[in-house]
Amino acid sequence: MFLTYMQTVTKELVSWMRGHDSSIFSISVHASGRYAITTSSDTAQLWDLDTFQRKRKLNIRQSVGIQKVFFLPLSNTILSCFKDNSIFAWECDTLFCKYQLPAPPESSSIIYKVFAVTRDGRILAAGGKSNHLHLWSLEATRLFRIIQMPTKIRAIRHLEFLPDSFDAGSNQVLGILSQDGIMRFVNIQTCKLLFEIGSLDEGISSSVISPHGRYIASIMENGSLNIYSVQALTQEINKPPPPLVKVIEDLPKNIPTAGDVKMKMTSGRVLRPARCKEHKTQTRIIKQDLTGNLENKENELSDGLNKKRLQILLKGYGEYPTKYRMFIWRSLLQLPENHTAFSNLLDKGTHVAFLNLQKLYPIKSRKLLRVLQRTLSALAHWSSIFSDTPYLPLLAFPFVKLFQNNQLICFEVVATLIINWCQHWFEYFPNPPINILSMIENVLAFCDKQLLQHFIDHDITSQLYAWPLLETVFSEVLTREEWLKLFDNVFSNQPSFLLMTVVAYSTCSRAPLLNCTLKDDFTYFFHHRNNLDINVVIREAYHLMETTPADIHPDSMLDAFVALTKGQYPVFNQYPKFVVDFQRQERERIRNDELDYLRERQTVENMQAEVDQQRLEDEAWYQKQEELRKAEEARREMLLHEEEKMVQQRQRLAAVKRELKMKEIHLQDAARRHFLKLQQAQHEMELRRLDDEIERKVQMRDREIATTARDLEMRQLELESQKRLYEKNYTRNQEVFAKEFREDADAYRQKVDFEEHMFHKMIETDQTQTENAKKVIEEKLAKAEQACLNTDWKIQALHKQKCDDLQRNESYQEMTKLLRKNRRKEVELLNAMMEEEAKKWKEAEEKEFHLRAEKKASSLSDTSRNWFLKQELSAALEHAERPFSKEDSCLQREQKAPGSLARTSQLTDISGVDPSTGLPLRRSTAEWHGKKENLLKKVRDLRQRLTAQAQNRHLSQSLLAM
């Protein structure tokens with residue numbers, strides 16, 4: 001979306017401005033016409049209409065929309081209203097947040113949709129979808145009134161204040177357009193319904209009020225445009241006060257003639273008359289005033305007031321009503337209210353001549369000082385002479401104090417006063433107006449020569465008794481009420497009345513003045529309030545106006561009243577321009593010199609301040625250094641003392657550690673010796689137990705062999721007693737028995753070996769667990785002790801480690817020698833065993849050969865016996881068929897056994913067959929095997945003993961090293 005800027009005179013496109021993404025629903029223009037604010041649903045943008053560039057942009061969150069953003073009238077404040085009922089006030093120049101209105105009470109909480117502000121910017125009216133109307137005081141930032149509309153009103157569509165010529169901008173009548181299309185006008189102070197426009201059948205869509213509040217333009221819902229006259233709608237709005245004195249005049253009879261002016265008017269709806277179906281056109285005859293050309297037009301004022309009637313009223317009561325005084329003054333002075341021109345003067349900012357106004361005039365009220373500064377700056381921008389006029393603040397201050405809420409009226413009143421009542425004041429600038437003072441002196445000489453002569457005798461000039469009253473417009477010598485009463489008469493008469501008032505003030509005070517002889521007394525009298533009746537002074541001024549001769553009357557030398565021009569203010573150049581220019585140049589030069597001097601002085605002061613600051617910093621630094629030195633010495637002494645304590649504590653701790661270490665070493669040595677003794681005793685006891693076990697096993701084996709031999713002998717006797725028939729069976733049974741005996745012996749030997757293996761494994765596991773636990777404990781002790789050792793202990797430990805390494809090397813060499821000797825002995829033993837085994841195998845082969853020969857002989861004899869006993873043993877053979885099958889299976893298992901077992905079984909069979917030859921061989925073999933096993937066990941025990949001793953020695957050396 002974009003915004004177009006059109007020229008209303010030429011109807012040409014001046015510029016177009018782009019920046020909104022959505023439609024624009026509100027445009028607000030600053031009173032100066034320089035800035036404008038455009039508002040859409042998502043953003044508000046501030047535009048500079050001089051350059052047609054965007055100055056600022058207000059971005060908001062999507063959840064919070066904008067209702068309206070607009071300028072406050074005659075102010076630089078921007079009011080932003082959001083959909084969450086938050087209202088902020090911003091400074092237009094700096095965009096600084098001035099204040100935020102608080103949240104409305106929950107009992108009357110509504111969502112604001114429409115807003116309206118009074119002309120003076122003090123009151124904000126807000127409404128929405130409710131019959132409640134909120135009135136905010138922007139000065140106090142609080143909600144001061146809630147107006148409840150009739151129940152038939154459900155929503156408010158539009159709000160606008162009706163301007164009033166009597167309220168000085170503090171509008172009291174508010175127009176409220178509701179959802180039913182009727183616009184009601186309510187007095188917000190009395191909450192009284194004054195009048196209303198529109199109807200249910202012919203509702204109003206939108207409405208706007210003219211700037212002066214005389215007309216109301218409304219667009220109806222049917223598309224027509226209605227214009228209402230406010231004066232016709234009510235008699236309470238814009239009604240001047242009724243005159244107290246009425247004059248009855250004879251008027252000539254007005255007969256309608258052809259010269260009469262006829263005007264056609266369409267009857268509007270005033271105070272909601274009954275609706276007619278057809279609009280009838282009424283013709284009214286407005287007659288010309290036959291005496292209009294003969295009247296003095298200057299008596300007719302712009303607001304319908306008559307100057308002569310006002311003067312009659314003033315003479316009757318001595319002053320105007322307080323309620324209507326401002327309105328009467330504006331009518332008498334015919335103020336044009338040029339808002340644009342005044343805003344242009346304000347936009348030029350504060351004049352250089354009045355930047356330090358507060359230093360010259362220290363006013364307590366910040367607001368009053370700011371209004372005075374703006375008014376004087378506007379006057380200085382209007383005409384350059386006012387920037388050099390020293391008495392201008394004194395002249396304008398009473399009017400500023402009176403019109404501080406309406407700066408435009410204040411400026412125009414002061415400007416009108418200067419143009420009319422200050423005529424010829426600046427012709428002798430920068431000196432006082434000698435011509436004006438001469439007029440006053442001439443009038444004083446006419447009415448009171450004695451007083452004038454008294455002034456001359458005491459060297460009192462008009463600059464002392466007249467000029468102080470003029471430059472302060474009597475504000476120093478009169479009270480507020482007296483001053484207002486005086487200026488009611490001043491503004492109602494010609495400009496010369498002010499000069500006559502000065503003369504009247506002196507003549508009415510002639511008694512105290514004649515008693516004054518000192519110049520200071522006269523000065524004090526004309527600069528302070530005196531016991532004087534202002535009514536007497538005013539009557540005296542009127543008397544002088546009537547009795548003063550024309551040749552010395554100020555009216556002959558002063559121009560008639562001239563009002564300010566409409567639209568633009570007139571040019572004011574009634575002063576010696578060269579003098580003003582020269583003074584301005586001199587003042588500019590002096591100001592520049594003063595600025596240079598001030599800059600140089602500021603530079604010198606800055607340098608001096610820097611020097612002083614540096615000196616103070618140096619002193620502070622030296623002082624701080626001294627304090628630091630003292631603190632450092634104190635802390636050094638404390639540190640030395642603490643170090644001494646620490647050294648002593650360390651010495652004591654080292655001594656305690658040394659004692660503990662010695663005790664620990666002694667305990668470790670004792671524990672090691674005790675452990676070695678215990679371990680040696682355990683090993684010896686284990687060796688003894690093993691020896692006893694070996695002996696017991698050997699004895700058991702011998703007993704078993706002897707028992708077996710006896711059993712064999714008994715069986716041999718039984719075999720001999722039996723018949724040859726059973727010899728073969730007996731042999732087979734003997735073999736089965738021998739085989740079972742060998743299996744039992746082997747199973748017993750395996751069981752014994754397994755038990756010995758488990759016992760050794762248990763001993764080794766116990767030793768391993770003990771050694772592991774000991775290692776863990778020793779490692780923990782070593783780690784805890786190692787953290788506390790210092791460098792000396794480390795050096796000693798290293799030295800001990802070297803010694804231990806040497807000892808270990810020696811012990812390793814000794815062990816190596818012992819192992820070598822043991823290996824040689826084992827080799828010799830193995831060789832002897834191999835030789836003995838070869839011998840035994842040779843003997844076994846010889847005996848086997850002899851056994852085979854005997855078996856052949858026995859087989860021959862068995863064949864003959866078998867043939868003889870074949871028939872007798874048939875039944876026995878059938879009965880012994882199953883045992884034979886078992887014996888065959890046993891023989892097959894014996895054949896599958898290892899070679900060593902086969903040889904042993906053969907030897908056993910031989911011994912079983914021939915006990916006389918086999919028993920000694922079995923015994924010698926058993927003895928040899930026992931010795932062999934005993935020797936191997938001793939060798940293994942020796943190895944284990946040497947290994948354990950070496951491990952214990954290495955462990956003790958490592959503990960000593962730790």
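Worth saying up front: this structure is predicted, and the values here are computed from it rather than measured.
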May I ask you to check whether [X] and [Y] show a side-chain donor-acceptor distance below 3.5 Å?
X: Gln699; Y: Glu695; value: no
X: Asn606; Y: Glu610; value: no
X: Lys348; Y: Ser377; value: no
X: Glu617; Y: Gln613; value: yes
X: Thr77; Y: Trp90; value: no

Would you give the length of the straight line joining atom [atom1] of [X] to atom [atom2] of [Y], rounded to the nearest 0.5 angstrom?
X: Phe675; Y: Gln668; atom1: CZ; atom2: CD; result: 14.0 Å
X: Ile87; Y: Thr141; atom1: CD1; atom2: OG1; result: 11.5 Å
X: Ile123; Y: Glu139; atom1: CD1; atom2: CD; result: 9.0 Å
X: His134; Y: Ile110; atom1: NE2; atom2: CD1; result: 4.5 Å
X: Asp48; Y: Tyr35; atom1: CG; atom2: OH; result: 5.5 Å
X: Leu360; Y: Phe354; atom1: CG; atom2: CZ; result: 10.0 Å

Residue pair [X] / [Y]: nearest heavy atoms and the distance that separates them:
X: Tyr112; Y: Trp136; value: OH-NE1, 3.2 Å
X: Ser137; Y: Phe144; value: N-CD2, 3.5 Å
X: Gly121; Y: Leu72; value: O-CD1, 4.4 Å
X: Ser40; Y: Ile66; value: O-CB, 3.9 Å
X: Cys92; Y: Ile78; value: CA-CD1, 4.1 Å
X: Leu143; Y: Leu135; value: CD1-O, 3.3 Å

Heavy-atom side-chain contact between [X] and [Y] under 4.5 Å:
X: Ile37; Y: Trp47; answer: no
X: Glu837; Y: Met833; answer: no
X: Leu79; Y: Val69; answer: no
X: Tyr99; Y: Leu138; answer: yes
X: Val698; Y: Arg701; answer: no
X: Met685; Y: Arg688; answer: yes
X: Arg374; Y: Leu346; answer: yes

Taking everything shown except [X] itself, do over 12 heavy atoms lie less than 6.0 Å from its [atom1]?
X: Lys624; atom1: NZ; answer: no
X: Arg635; atom1: CZ; answer: no
X: Lys825; atom1: NZ; answer: no
X: Ile111; atom1: CD1; answer: no

Check ion pair [X]-[Y] (N to O, under 4.0 angstrom):
X: Arg589; Y: Asp593; answer: yes
X: Arg615; Y: Glu619; answer: yes
X: Lys839; Y: Glu835; answer: no

Check the pair Cys81 / Phe88 against side-chain contact (heavy atoms from CB on, under 4.5 Å), numbers first and verdict last. CA-CA 7 Å; Cys81 310; Phe88 294 86; over 6 Å; no
Plane angle bin for Phe71 and His30 - parallel if under 30°, tilted between 30 and 60°, otherwise perpendicular: perpendicular
Between Glu632 and Arg636, is a salt bridge (charged side-chain N to carboxylate O under 4.0 Å, His left out) present by the stated rule, with each step listed? CA-CA 6 Å; Glu632 185 178 359; Arg636 189 179 290 111; 2.9 Å; yes
Verdict with supporting geometry, Glu626 and Arg629, salt bridge (charged side-chain N to carboxylate O under 4.0 Å, His left out): CA-CA 5 Å; Glu626 184 67 21; Arg629 186 183 63 77; 2.2 Å; yes
Please evaluate residues Asn831 and Val827 with respect to the criterion side-chain contact (heavy atoms from CB on, under 4.5 Å), reporting the C-alpha separation (whole Å), side-chain torsions for both, the decisive distance (0.1 Å), and the verdict. CA-CA 6 Å; Asn831 292 328; Val827 169; 3.6 Å; yes
Per side-chain hydrogen bond (donor to acceptor under 3.5 Å, both in side chains), Lys645 is matched among Gln648, His641, Gln649 by His641
